[in-house]
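Structure first, then comments.
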Amino acid sequence: MIELPADDRESSPYTGYTRAHWEAAADGLLAAVEPYATPDRALYHLPGDHVSHSGHLSDGLEGYARTLLLAAFRRDETALGRYADGLAAGPGGVWPRIEDRSQPLVEAASVALALRLTRPLLWDRLDDCVRQRTADWLADALTAEPWPCNWELFPVTVGGFLAEIGHRPEAARKAMDRGLERIEGWYLGDGWYTDGDGRKFDYYNGWAMHLYTVVHAWLADDRELLSAYGRRLSRHLADYARLFGGDGAPLHQGRSLTYRFATAAPLWLGALIGQTPLTPGETRRLASGALRYFLDGGAVDERGLLPLGWLGSDESLVQNYSGPASPYWAGKGFLGLLLPPEHEVWTATEEPGPVDRADEVRSVPAPNWLIQSTRSDGLVRLHNHGSEDVRYDPYYTRLAYSTATTPDQVSYDNSVIVGGDASRTKIEPIDTGAGWIASRHTVRDGVTVTSLVLADGAVEVRAHLVAGAEPGTPVRITGWSAPDGLRAELLPVRGLSEDLTGETGAGEATLFVALARLTGEPDPWPLADLVSVRVREEEREVRVRWASGAEGVFAFTPADGRSAGSGWSVTRL
């Protein structure tokens with residue numbers, strides 16, 4: 001286990017954590033992995049039953065590279081000395097070559113970034129022959145073909161370092177220009193990238209797309225590029241800051257969640273370059289909250305290691321590219337240690353984050369998300385009407401996620417199940433606005449669901465129009481799957497029995513409406529007292545009136561305005 005200093009509730013009233021806690025956590029993680037290095041220190045074979053599809057040797061390189069990046073943020077000369085030993089034996093020796101779409105390409109970026117960040121402490125102290133072998137090994141990244149996603153930024157990161165040291169500068173420049181150009185088409189505005197073609201929105205926005213582009217521009221001292229990428233990061237952080245619960249938990253959505261407190265990286269990054277909408281105290285509250293959530297929750301085992309999982313070991317989060325050392329990209333979360341102790345992000349008193357301040361329902365148009373948070377229980381819920389990656393269901397394909405729940409792979413939480421099929425593919429955003437969001441998706445050929453969600457406080461109105469199914473097809477609506485200490489509710493309004501099941505009718509489409517709530521309040525007001533819903537079946541119109549007096553009227557209409565042949569849309573009246 002990691003030993004931390006006592007809490008400091010004067011400077012950090014929300015988390016108790018200071019820079020000393022971050023330093024101790026980094027030191028503890030680095031000390032715990034040291035016994036698993038090979039004698040030449042070129043590979044770190046961490047314990048674990050799961051071997052990635054890249055193989056044992058690549059997994060050992062991953063252990064070296066990802067913990068080296070953590071050591072670089074910590075800037076501890078003793079720790080960096082151990083990694084210097086590994087450089088003498090790894091490149092051109094035991095390390096696997098960097099080839100097209102190979103895992104060593106990923107790890108090369110961590111090695112290059114670490115060497116660039118610590119050049120006077122590590123690179124400049126290496127023997128000339130070691131530097132030459134290392135540069136030659138890294139240079140293969142300049143021409144290796146990446147997967148068409150955030151991987152495009154790995155040759156950029158390697159190229160930045162090699163250009164700086166004068167090794168194959170022309171090839172390095174081409175790699176940088178090519179990678180930055182390729183990701184540009186994935187920027188959809190308002191601070192949001194999709195992770196490759198399609199609509200893959202998740203934490204890779206912050207710990208990959210923003211991180212590598214901004215750090216590249218910052219280290220190159222390219223003011224024009226840094227200004228452009230910095231503006232994007234700042235805009236992203238305005239939404240991103242709202243994805244952390246009151247207990248510090250990040251939202252449980254997307255892939256590679258085993259990177260855990262890497263979610264803190266973009267928060268620190270905004271402070272590092274001075275482009276962030278967050279105050280220094282708010283930045284630290286959010287970042288330290290995430291670190292504390294995981295450390296208190298058991299993310300580090302009795303050996304001081306990060307196993308594959310979330311709070312503890314969790315096989316449901318393991319993907320085919322996951323190896324025993326994969327979780328150590330969590331080290332990205334320690335980027336804040338690049339900021340000196342006297343920086344205001346470390347000296348300011350912690351200030352409340354968004355969920356600490358007030359209830360909020362926030363529309364995020366680029367990914368077509370609706371963020372719903374409540375101050376009383378510190379819960380953040382995300383209504384997903386625009387992000388999907390069917391390879392990683394259910395972490396992309398559910399209608400809703402939260403900071404306190406995990407997708408249920410048995411009962412299919414937050415789903416519309418038509419004829420026993422819970423598939424949700426070809427998600428098409430319709431629109432989002434103040435307190436509402438809508439989308440349509442395909443269940444199977446010819447069967448679609450058009451969904452509308454309205455939210456106020458902790459209360460949700462969920463309306464689903466099922467089209468294209470044979471009359472009498474069974475439909476089931478599911479809501480939140482709540483852990484101990486939380487209360488989940490799902491009540492029928494129209495088209496559903498008490499067990500939240502119904503059948504499609506004889507017309508073009510059938511409307512199903514329910515009320516939902518996930519709350520940590522021990523004795524909440526009855527749902528029926530907080531919202532009134534009226535449904536006009538023939539017009540497929542839903543009228544909602546909240547306890548506050550606010551109203552909204554929405555109609556399900558043919559997408560082309562004339563016939564339902566092209567699908568259904570949602571219009572606010």
Side-chain angles (χ1 to χ4, degrees), residues 40-42 61-62 64-77 79-99 102 104-146 151-181 211-226 229 269 272-273 331-332 335 337-338:
D40 58 13
R41 292 180 172 172
L61 169 61
E62 184 175 66
Y64 175 93
R66 298 193 177 194
T67 56
L68 167 61
L69 187 58
L70 171 57
F73 291 143
R74 182 65 177 97
R75 304 180 71 83
D76 180 279
E77 293 188 48
L80 290 172
R82 297 196 294 269
Y83 290 93
D85 293 342
L87 286 172
V94 299
W95 287 0
R97 287 194 59 187
I98 301 167
E99 299 175 335
S102 66
L105 175 57
V106 183
E107 310 319 322
S110 290
V111 172
L113 180 55
L115 292 174
R116 199 174 184 189
L117 288 170
T118 61
R119 186 172 173 182
L121 301 176
L122 181 52
W123 179 258
D124 292 347
R125 298 180 183 182
L126 296 173
D127 292 340
D128 288 344
C129 60
V130 176
R131 286 201 294 262
Q132 185 64 46
R133 288 198 302 270
T134 302
D136 287 342
W137 181 81
L138 287 169
D140 283 344
L142 302 178
T143 54
E145 183 65 25
W151 279 48
E152 298 282 4
L153 292 170
F154 301 144
V156 173
T157 303
V158 174
F161 173 64
L162 294 182
E164 181 179 292
I165 63 173
H167 188 84
R168 297 186 59 188
E170 183 177 350
R173 175 54 58 190
K174 287 181 179 179
M176 290 185 284
D177 291 345
R178 181 179 63 247
L180 294 178
E181 180 181 356
L211 178 64
Y212 290 115
T213 54
V214 170
V215 169
H216 169 74
W218 176 66
L219 289 172
D221 197 24
D222 187 327
R223 296 185 180 182
E224 182 178 354
L225 200 59
L226 183 60
Y229 288 141
L269 188 60
L272 181 70
I273 66 168
K332 291 182 176 183
L335 183 142
L337 293 179
L338 294 179

For the backbone of Leu142 and the side chain of Arg178, can you confirm whether one donor and one acceptor N or O come within less than 3.5 Å of each other? yes
What's the verdict on side-chain contact (heavy atoms from CB on, under 4.5 Å) for Leu219 and Leu113, showing C-alpha distance, side-chain angles and the deciding distance? CA-CA 10 Å; Leu219 289 172; Leu113 180 55; 3.8 Å; yes
Find the distance between OG1 (Thr118) and CG (Leu69) and round it off to the nearest 0.5 Å. 9.5 Å
Go through it in stages, so that I can follow the logic: the residues are Leu80 and Arg74, the test is side-chain contact (heavy atoms from CB on, under 4.5 Å), and I'd like the CA-CA distance, side-chain angles, deciding distance and then a yes or no. CA-CA 9 Å; Leu80 290 172; Arg74 182 65 177 97; over 6 Å; no
Straight-line distance of Ile165 CD1 to Arg116 CZ, nearest 0.5 Å: 10.0 Å
Write down the atom of Leu335, the atom of Leu269, and the distance for their closest heavy-atom approach. CD2-N, 3.8 Å
Closest non-hydrogen atom pair, Ala175 against Pro155: CB-O, 4.1 Å
So do the side chains of Leu68 and Ser110 get within less than 4.5 Å of each other, counting heavy atoms only? no
The test is side-chain contact (heavy atoms from CB on, under 4.5 Å); show your working for Leu338 and Arg75 and say whether it passes. CA-CA 8 Å; Leu338 294 179; Arg75 304 180 71 83; 4.3 Å; yes
Looking only at heavy atoms, which two atoms of Ser102 and Arg97 are closest? And how far apart? OG-O, 4.2 Å
Strictly distance-based, threshold 3.5 Å: is any side-chain N or O of Thr157 a donor or acceptor partner for the main-chain N or O of Leu153? yes
Would you check if Pro104 and Leu61 make a side-chain contact, meaning some heavy-atom pair closer than 4.5 Å? yes
Could you check whether any side-chain heavy atom of Val111 comes within less than 4.5 Å of a side-chain heavy atom of Val158, counting everything from C-beta outward? no
Where do Trp95 and Ala42 come nearest, in terms of heavy atoms and distance? NE1-O, 2.7 Å
Is any side-chain heavy atom of Thr213 closer than 4.5 Å to one of Val156? no
Find the distance between CD (Glu62) and OH (Tyr64) and round it off to the nearest 0.5 Å. 14.5 Å
For the atom pair CD (Glu152) and OH (Tyr212), what is the distance rounded to the nearest 0.5 Å? 13.5 Å
Please tell me if the side chains of Met176 and Glu181 come closer than 4.5 Å, counting only heavy atoms from C-beta onward. no
Heavy-atom closest contact (Asp85 atom, Arg41 atom, distance): OD2-NH1, 3.0 Å
With sequence neighbours excluded, residues passing side chain to side chain donor-acceptor pair (under 3.5 Å) with Thr67: Tyr83
Closest approach of Ala144 to Glu99 (non-hydrogen atoms, all atoms of both residues): CB-O, 3.7 Å
If you look only at distance, which donor and acceptor atoms sit under 3.5 Å apart when one is on a side chain in residues 122-131 and the other is two or more places apart or in another chain?
{"unit_1": "Asp124", "atom_1": "OD1", "unit_2": "Arg119", "atom_2": "NE", "d": "3.2"}
{"unit_1": "Arg125", "atom_1": "NE", "unit_2": "Pro120", "atom_2": "O", "d": "3.4"}
{"unit_1": "Arg125", "atom_1": "NH1", "unit_2": "Glu77", "atom_2": "OE1", "d": "2.8"}
{"unit_1": "Arg125", "atom_1": "NH2", "unit_2": "Glu77", "atom_2": "OE1", "d": "3.2"}
{"unit_1": "Asp128", "atom_1": "OD1", "unit_2": "Arg131", "atom_2": "NH2", "d": "2.3"}
{"unit_1": "Arg131", "atom_1": "NH1", "unit_2": "Trp123", "atom_2": "O", "d": "3.4"}
{"unit_1": "Arg131", "atom_1": "NH1", "unit_2": "Leu126", "atom_2": "O", "d": "2.6"}

Does a donor on one side chain sit under 3.5 Å from an acceptor on the other, for Asp136 and His167? yes
Arg173 atom CZ, neighbour heavy-atom count above 12 within 6.0 Å: no
First locate atom CG of Leu138, then atom CZ of Arg133, and finally report the distance between them rounded to the nearest 0.5 Å. 13.0 Å
Would you mind reporting whether Phe73 and Leu117 have side-chain heavy atoms less than 4.5 Å apart? yes
How far apart are the C-alpha atoms of Leu105 and Asp140, what are their side-chain angles, what is the distance that settles it, and do they pass the side-chain contact (heavy atoms from CB on, under 4.5 Å) test? CA-CA 8 Å; Leu105 175 57; Asp140 283 344; over 6 Å; no
Can you tell me if Arg66 uses its side chain to pair, donor with acceptor, with the backbone of Gly331 under 3.5 Å? no
Do the non-hydrogen side-chain atoms of Leu87 and Leu115 ever get within less than 4.5 Å of each other? yes
